[in-house]
Amino acid sequence: MLSRDGWGGLVAAAASLLLFWLTLGLKDNPLVPIGPGFYPRIVLGLTALLSLGLLVSDFFAKKPPRHEARANYFAVALHFAVFGLYVAALPALGFRIATFAYVAAANALMDRPRGAKGWARVALIASATALATWLVFERELLVLLPRGRWTDF
Amino acid sequence: MYELLFAAIGNVAQAKYLVPLACGTLAGVVGGALPGVTITMTIIVVLPFTFGLDPLQGLAAMTGVYVGGSAGGLITAVLLGIPGTPSAIATTFDGHPMARKGEPGRAVWLGVWASFFGGLLGGVFLIGATEPLARIALEFGPWEFFSLFVLALSMVAGLVGTSLLKGLIAGMLGLMVTVLGSDPVMGQERLTLGIPALAGGIDFLPVLIGVFAFSQIMGDLERHGAAAHASAAIRAASLAASQLKVIWEILSRPFLLLWSSFIGVVIGVLPAIGGSAANVMAYDQAKKFSRRPEKFGSGIPEGIVASESSNNANVGGSLVTIMAFGIPGDAVTAVMLGALTIHGIQSGPLFISQNAQLAYGIFAAYLLAHPIMVLILAVMARWILRIVTVPKAALFPVVLVLCVIGAYALNNTMANVYILLAFGLLGYAMVKSGFPLAPFILGVILGDQIEINLVRAIMTDANPWLFLTRPISGGLLLASILSFAAAVWQHRRAKRREGESVEADF
């Protein structure tokens with residue numbers, strides 16, 4: 001049975017071997033005696049070797065029972081999902097609307113609001129973040145932020 | 001040199017540069033004081049604000065964050081016993097007991113002034129050593145640069161984390177990121193995996209932001225939830241203390257101050273080790289040299305002085321490696337390197353000769369950031385203590401929004417935001433699997449340079465033995481083998497000790 005080290009080694013070995021295989025199809029450049037695949041093959045070959053080393057050492061290692069502190073992986077998965085939705089919504093809704101929605105959702109999920117006062121606080125933080133970042137970056141620092149394809153806002 | 005320095009101090013003292021420097025220092029102090037928010041995260045948050053500024057304004061702000069953050073971590077370390085940043089870990093050992101004994105003001109100000117003096121000593125090294133080291137590096141050919149980068153990577157892979165193999169794999173994974181997209185020598189497309197956005201390669205800043213921000217925020221969320229660190233103790237603490245008495249307490253221990261600062265500088269020069277190691281090592285050394293080692297941990301000033309002077313001196317050392325060799329000393333200087341590239345400035349041995357005004361501007365900003373940091377803590381400590389109690393539920397989404405802006409604004413494309421998310425997931429997975437992030441990031445930063453110098457060396461002369469027979473290149477490769485051997489020995493010794501302690505339990 002593999003531990004996290006073994007799985008990590010397996011994934012890294014698989015990725016590096018796949019990329020190594022892809023380098024075999026790279027064409028040499030007539031201007032440079034060393035082709036574009038020369039260095040990647042060294043890197044990917046070494047990575048594959050080291051990763052396989054980790055996999056093998058994990059396979060044969062004695063594994064003492066792990067005593068891990070309880071971790072809230074559900075909260076982590078939820079926040080990655082919310083952030084993923086935010087990233088997906090940015091080009092469609094635009095920076096201001098997507099940011100308002102994301103900050104409100106993330107804030108409410110991390111610290112559930114109690115009553116109308118709690119929700120008002122969430123709305124205030126979300127609108128202040130969206131507005132302040134937009135004003136500072138677009139108006140003051142002239143950094144263009146994403147416009148919404150659907151909203152043009 | 002001194003003429004340039006004084007001219008740069010006069011230049012940075014103008015409002016145009018002083019305001020970003022002061023804002024950066026304030027952001028650093030606040031970010032450093034917030035438990036769970038490191039200096040790296042603070043500088044990532046500040047990065048997008050520098051896009052609209054001129055290079056010196058942006059770098060002054062970042063230097064301020066670095067200096068302020070190294071000092072800010074001591075506030076919660078002293079008052080709560082929770083280090084605001086890893087570079088303040090050893091400050092808790094004596095700072096918190098001193099605060100609990102009813103002297104929180106003395107403990108905080110000992111830390112602040114020790115940071116000030118340690119930082120200035122680091123500045124002396126920064127100003128004195130950067131130019132001579134850059135001059136040495138100017139003599140380097142592609143063989144030497146290749147070997148230097150290999151040395152940096154092998155040192156980091158060996159020194160961080162608990163497993164040497166994982167450190168090496170993390171470094172190789174970083175190099176793997178740089179082989180995707182395009183060949184840096186001829187710009188030929190390769191390994192794009194059918195993704196058009198990869199055609200130009202992967203920018204290292206979204207990778208760095210994603211990896212560090214997500215691993216930290218999600219790690220914190222997983223362990224503690226988003227509860228605030230609100231504490232009645234922190235709000236009620238009085239920071240009143242006699243400044244002259246505190247300064248005398250530090251200056252009356254000149255050997256301790258000098259030795260701790262020296263340790264900080266040396267650790268800073270070594271790539272990617274950083275203040276977290278410097279403060280613990282300086283504390284350990286202070287204890288070994290002390291006439292009363294048994295008192296360490298009970299709230300004595302020596303412990304605070306050693307820890308805080310070393311972590312601020314460390315900043316000076318880290319800036320030397322980036323300015324002389326173009327190798328980031330830690331994640332903070334890696335972001336600064338990114339800021340330089342955004343403005344089209346190449347760091348490395350030519351940096352100081354080609355951009356003397358900017359280089360001396362950074363020196364000046366570094367020196368001026370220290371009195372500004374003391375001033376900020378003197379005037380605003382009360383408000384900073386209130387900010388420290390901000391709930392993370394409000395803070396974390398704002399930080400991630402700023403990360404998105406930082407990634408998006410690099411090229412005004414969503415591709416960088418997708419890269420941010422992808423590497424955020426990868427960074428979190430790496431941390432959960434025990435792979436250290438420092439070698440990975442260094443691999444991402446140095447990958448292109450390693451390839452360029454390797455190809456250049458082979459194109460100049462196809463004889464591979466030149467890497468070994470050229471004296472500096474051979475010396476650097478020998479140093480990487482020695483550092484690798486030392487890491488193997490260190491890891492084996494640690495494992496043996498672990499085994500012995502397990503046996504003793506039975």
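Excluded from the calculations below are hydrogen atoms, water molecules and symmetry mates; all remaining heavy atoms, backbone and side chain alike, are included. Bear in mind that the values here come from a model prediction, so they are computed numbers and not experimental data.
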Enquirer: Quick one: what part of Thr129(A) sits under 4.5 Å from any heavy atom of chain B, side chain, backbone, both or neither?
Expert: side chain

Enquirer: Between the side chain of Arg41(A) and the main-chain N/O of Thr23(A), is any donor-acceptor distance below 3.5 Å?
Expert: yes

Enquirer: Would you call Phe137(A) and Leu402(B) a side-chain contact if the rule is heavy atoms closer than 4.5 Å?
Expert: yes

Enquirer: Looking at Thr192(B) and Ala199(B), what are the two nearest heavy atoms and their distance?
Expert: CG2-CA, 3.9 Å

Enquirer: If you tally heavy-atom pairs under 4.5 Å against chain A, which of Leu191(B), Leu421(B), Leu53(B) wins?
Expert: Leu191(B)

Enquirer: Can you confirm whether Asn107(A) sits close enough to Arg121(A) that some side-chain heavy atom of one is under 4.5 Å from a side-chain heavy atom of the other?
Expert: yes

Enquirer: Counting heavy-atom pairs under 4.5 Å with chain B, which one of Ser16(A), Ala106(A), Pro36(A) comes out on top?
Expert: Pro36(A)

Enquirer: So what's closer than 4.5 Å to chain B heavy atoms on Phe38(A): side chain, backbone, both or neither?
Expert: side chain

Enquirer: Tell me, for Met414(B) versus chain A, whether the close heavy atoms (under 4.5 Å) come from the side chain, the backbone, both or neither.
Expert: side chain

Enquirer: Among the options Leu22(A), Val76(A), Leu44(A), pick out the one with the most heavy-atom pairs lying under 4.5 Å from chain B.
Expert: Val76(A)

Enquirer: Do Leu426(B) and Val211(B) have side-chain heavy atoms sitting under 4.5 Å apart?
Expert: no

Enquirer: So which part of Leu425(B) gets closer than 4.5 Å to some heavy atom of chain A, the side chain, the backbone, both or neither?
Expert: both

Enquirer: Please report the interatomic distance CG(Leu10(A)) to CG(Asp58(A)), rounded to the nearest 0.5 Å.
Expert: 10.0 Å

Enquirer: With a 4.5 angstrom heavy-atom cut-off, which part of Pro184(B) approaches chain A: side chain, backbone, both or neither?
Expert: neither

Enquirer: Is chain A contacted by the side chain of Glu451(B), its backbone, both, or neither, given a heavy-atom distance below 4.5 Å?
Expert: both

Enquirer: Let me see the working for Met172(B) and Val43(A) under side chain to side chain contact (heavy atoms under 4.5 Å, CB included), right down to the final yes or no.
Expert: CA-CA 7 Å; Met172(B) 295 308 293; Val43(A) 169; 4.1 Å; yes

Enquirer: Should Gln57(B) and Thr50(B) count as side-chain neighbours, where that means a heavy-atom distance under 4.5 Å?
Expert: no

Enquirer: For a side-chain contact (heavy atoms from CB on, under 4.5 Å) with Asp448(B), tell me which candidate from Leu175(B), Val179(B), Thr178(B) qualifies.
Expert: Thr178(B)

Enquirer: Just give me the residue among Val401(B), Leu193(B), Ile217(B) that pairs up with chain A most often, heavy atom to heavy atom, under 4.5 Å.
Expert: Val401(B)

Enquirer: Is any side-chain heavy atom of Leu90(A) less than 4.5 Å from a side-chain heavy atom of Tyr86(A)?
Expert: yes

Enquirer: What part of Tyr428(B) gets closer than 4.5 Å to chain A, counting heavy atoms only: side chain, backbone, both or neither?
Expert: side chain

Enquirer: Between Val103(A), Leu144(A), Thr99(A), Val82(A), which residue shows the highest count of heavy-atom pairs closer than 4.5 Å to chain B?
Expert: Leu144(A)

Enquirer: Would you mind checking which part of Val136(A) comes under 4.5 Å of any heavy atom in chain B, side chain (CB onward), backbone (N, CA, C, O), both or neither?
Expert: side chain

Enquirer: Go through the atoms of Tyr102(A) and report whether side chain, backbone, both or neither lie under 4.5 Å from a heavy atom of chain B.
Expert: side chain

Enquirer: Which region of Ala108(A), side chain (C-beta onward) or backbone (N, CA, C, O), has a non-hydrogen atom less than 4.5 Å from a non-hydrogen atom of chain B, or is it both or neither?
Expert: neither

Enquirer: With chain B as the partner, which of Pro91(A), Gly84(A), Ala12(A), Ala15(A) has the greatest number of non-hydrogen pairs under 4.5 Å?
Expert: Pro91(A)

Enquirer: Non-hydrogen atoms of chain A under 4.5 Å away: do they reach the side chain of Leu454(B), the backbone, both or neither?
Expert: side chain

Enquirer: Quick one: CG on Leu54(A) to CG on Leu50(A), what's the gap to the nearest 0.5 Å?
Expert: 9.0 Å

Enquirer: Indicate yes or no: at least one non-hydrogen side-chain atom of Val431(B) is less than 4.5 angstrom from one of Met218(B).
Expert: no

Enquirer: Taking side chain as everything from C-beta outward and backbone as N, CA, C, O, which of these in Leu165(B) sits under 4.5 Å from a heavy atom of chain A? Side chain, backbone, both or neither.
Expert: side chain

Enquirer: Please check if the number of heavy atoms outside Trp134(A) that lie under 6.0 Å from its CH2 is greater than 12.
Expert: yes

Enquirer: Run the side chain to side chain contact (heavy atoms under 4.5 Å, CB included) test on Gln449(B) and Phe145(B) for me, step by step, so that the C-alpha distance in whole Å, both residues' side-chain angles and the decisive distance to 0.1 Å come before the verdict.
Expert: CA-CA 8 Å; Gln449(B) 286 302 317; Phe145(B) 274 115; over 6 Å; no

Enquirer: Could you tell me which portion of Ile125(A) (side chain, backbone, both or neither) has an atom closer than 4.5 angstrom to a non-hydrogen atom of chain B?
Expert: side chain

Enquirer: Does any backbone or side-chain atom of Thr47(A) lie under 4.5 Å from a heavy atom of chain B? Answer side chain, backbone, both or neither.
Expert: both

Enquirer: Gln188(B), Met430(B), Glu189(B): which one forms the most heavy-atom pairs within less than 4.5 Å of chain A?
Expert: Gln188(B)

Enquirer: Top residue by heavy-atom pair count (under 4.5 Å) with chain A, among Val417(B), Val455(B), Leu168(B), Leu400(B)?
Expert: Leu400(B)

Enquirer: Can you say whether Leu420(B) sits under 4.5 Å from chain A via the side chain, the backbone, both, or neither, judging by heavy atoms?
Expert: side chain

Enquirer: Is any side-chain heavy atom of Leu19(A) less than 4.5 Å from a side-chain heavy atom of Leu180(B)?
Expert: yes

Enquirer: For Leu145(A), which atoms come within 4.5 Å of any heavy atom of chain B: side chain, backbone, both, or neither?
Expert: both

Enquirer: Can you tell me which portion of Val404(B) sits under 4.5 Å from chain A's heavy atoms? Options are side chain, backbone, both or neither.
Expert: side chain

Enquirer: In terms of heavy-atom pairs under 4.5 Å with chain A, which of Phe51(B), Tyr418(B), Phe214(B) leads?
Expert: Phe214(B)

Enquirer: With a 6.0 Å cut-off on the ring centroids, do Phe146(B) and Phe467(B) count as close?
Expert: yes

Enquirer: Using non-hydrogen atoms and a 4.5 Å limit, figure out which bit of Met186(B) sits close to chain A: side chain, backbone, both or neither.
Expert: side chain

Enquirer: Would you mind reporting whether Met110(A) and Pro397(B) have side-chain heavy atoms less than 4.5 Å apart?
Expert: yes

Enquirer: Between Leu26(A) and chain B, with a heavy-atom cut-off of 4.5 Å, which part of the residue counts as in contact: side chain, backbone, both or neither?
Expert: side chain

Enquirer: Of the backbone (N, CA, C, O) and the side chain (C-beta and beyond), which part of Val143(A) lies under 4.5 Å from a heavy atom of chain B, both, or neither?
Expert: side chain

Enquirer: Let me know if Ile34(A) has heavy atoms under 4.5 Å from chain B in its side chain, its backbone, both or neither.
Expert: side chain

